[in-house]
Amino acid sequence: MNEAKLIDELRDKFGESVGITELMGQNEIIVTVEKEKVVEIAQFLKDTYALNYVISVSGVDYPEENKFLVVYHVSSMSENGHLPLVLALKVSVDRQNPSTPSLISIWRSAEWHERETWELFGIEFNGHPKLERLLLHDEWEEENPNNQFPLRKDFLLED
Amino acid sequence: MDTVGNAFVGRLRSVVEKVVNGLKPIRYLVNWSRLYSLWPVHLTTACCSVEFGAASCPRFDVERMGMLPIGSLRQCDLIIIEGTVTKKMAKRVKKIYSQMASPRYVVAMGACSISGGLFYNSYNIIKSVDEILPVDIYVPGCPPRPEALANGIMMLQDKIRKKQVNIVKGE
């Protein structure tokens, strides 16, 4: 597969919604997109390039820039096996009111990943059917009434 | 009926304890039988279990000293806490400990189970297993080498050898 072609095609089709793109080595692409268009872009990637397998969904906190990044690492499970291409789809989310559309309708396997990201960063995934506690222990709310999200940079750890 | 039975067994227990602890050869025999049949629960909380695995395998072979990992925790009398215990896991560890047969012993293996180790300021671990279990032996290291674990087992055996025999009421 031609990685540069994929980026060109994305730019042609979605124009301004596709932000910074990077080619990392031979098989890695990073694409930053606006959250308004992320569902369409994901659908396009799945339909056209058979990127049908979510490796991970993670959050990254940038307090200085006042934003979160939600990073979907997606790859492909074709009939011939696991294609070497890995695409990182980055969605920028406002830090004050963090919410982004859920991509479960396209990649079903992102459900628990999104739930985890919601739990640890407090990023709302609109359209997610079950945003409930997944990994933290049951007494979490009682122990941390104010500071709810442990992977944010401003979460206070003990000395 | 229950109270009568309990009262009888209770008195019997104290009588047996007195006899066993009074007669040195019998106490020795009881302790001896206990110290060479330490069966640890197969409970893997973190990465120290790799060293535990190495210790149980032929190269280091702690079975020579009388420790044999066994399948059923109802037959076990030793629990080795292999590394970090998260707050979620702590409840399960407690539950497993309470299901083991008495007399039961606890070995805290690795820095994490002793003092929190690498994750001492994390939001979801307990700092030390002695918050939830009565620890007999601490084996420090990150992770401890299999020899260190074997040494810990031998220290535990020393401890058992010197113990008074208690016939503990089952829970």
Side-chain angles (χ1 to χ4, degrees), chain A residues 55-64 66-71 93 95-96 98-99 109-125 128-159, chain B residues 41-50 73 79-100 106-135 138-143 171:
Chain A
I55 298 169
S56 71
V57 178
S58 34
V60 190
D61 189 3
Y62 294 98
E64 297 88 19
N66 199 22
K67 69 169 183 184
F68 292 114
L69 280 185
V70 182
V71 188
V93 179
R95 206 165 181 281
Q96 254 55 50
S99 76
S109 59
E111 179 180 352
W112 275 31
H113 296 284
E114 287 184 351
R115 228 171 119 183
E116 183 188 352
T117 311
W118 167 80
E119 180 180 38
L120 300 177
F121 283 94
I123 298 167
E124 293 281 339
F125 288 91
H128 192 291
K130 196 180 179 186
L131 280 181
E132 282 174 22
R133 198 157 285 319
L134 178 66
L135 297 177
L136 296 173
H137 53 279
D138 300 336
E139 297 83 19
W140 179 259
E141 268 101 359
E142 293 145 42
E143 286 176 20
N144 301 274
N146 309 318
N147 215 341
Q148 296 277 340
F149 306 111
L151 288 194
R152 285 191 183 184
K153 293 276 186 202
D154 52 10
F155 181 81
L156 294 175
L157 291 171
E158 297 169 43
D159 291 327
Chain B
V41 186
H42 198 91
L43 172 73
T44 298
T45 56
C47 40
C48 280
S49 59
V50 179
L73 66 93
I79 183 167
I80 300 179
I81 308 294
E82 295 156 15
T84 330
V85 182
T86 58
K87 280 180 185 164
K88 250 186 169 173
M89 195 64 187
K91 284 181 197 164
R92 278 78 181 178
V93 170
K94 242 174 165 173
K95 204 178 260 180
I96 285 168
Y97 178 74
S98 64
Q99 286 182 55
M100 283 158 53
V106 182
V107 172
M109 180 184 180
C112 298
S113 61
I114 295 171
S115 63
L118 203 59
F119 313 107
Y120 72 101
N121 63 355
S122 172
Y123 54 88
N124 66 345
I125 63 147
I126 58 164
K127 271 199 180 153
S128 166
V129 255
D130 54 21
E131 287 172 21
I132 53 168
L133 300 180
V135 179
Y138 296 88
V139 182
C142 188
E171 283 167 359

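Chain letters run A, B, ... following the sequence lines, proteins first, then strands; residues in each count from 1. Keep in mind that this is a model prediction, so the values were computed, not measured.
B/K87 and A/E143 are joined by a salt bridge, as a carboxylate oxygen and a charged side-chain nitrogen come within less than 4.0 angstrom of each other.
With values rounded to the nearest 0.5 angstrom, A/H137 atom NE2 is found 7.0 Å from B/N124 atom CG.
When heavy atoms are compared at a cutoff of 4.5 Å, A/L136 approaches chain B by way of both its backbone and its side chain.
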**Derivation of the salt bridge (charged side-chain N to carboxylate O under 4.0 Å, His left out) call for B/K91 and A/D138** = CA-CA 11 Å; B/K91 284 181 197 164; A/D138 300 336; 3.6 Å; yes
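In this structure, the side chains of B/Y123 and A/L156 stay at 4.5 Å or more apart for every pair of heavy atoms.
For B/N121 against A/L157, the heavy-atom pair with the smallest separation is O-CD2, 3.1 Å.
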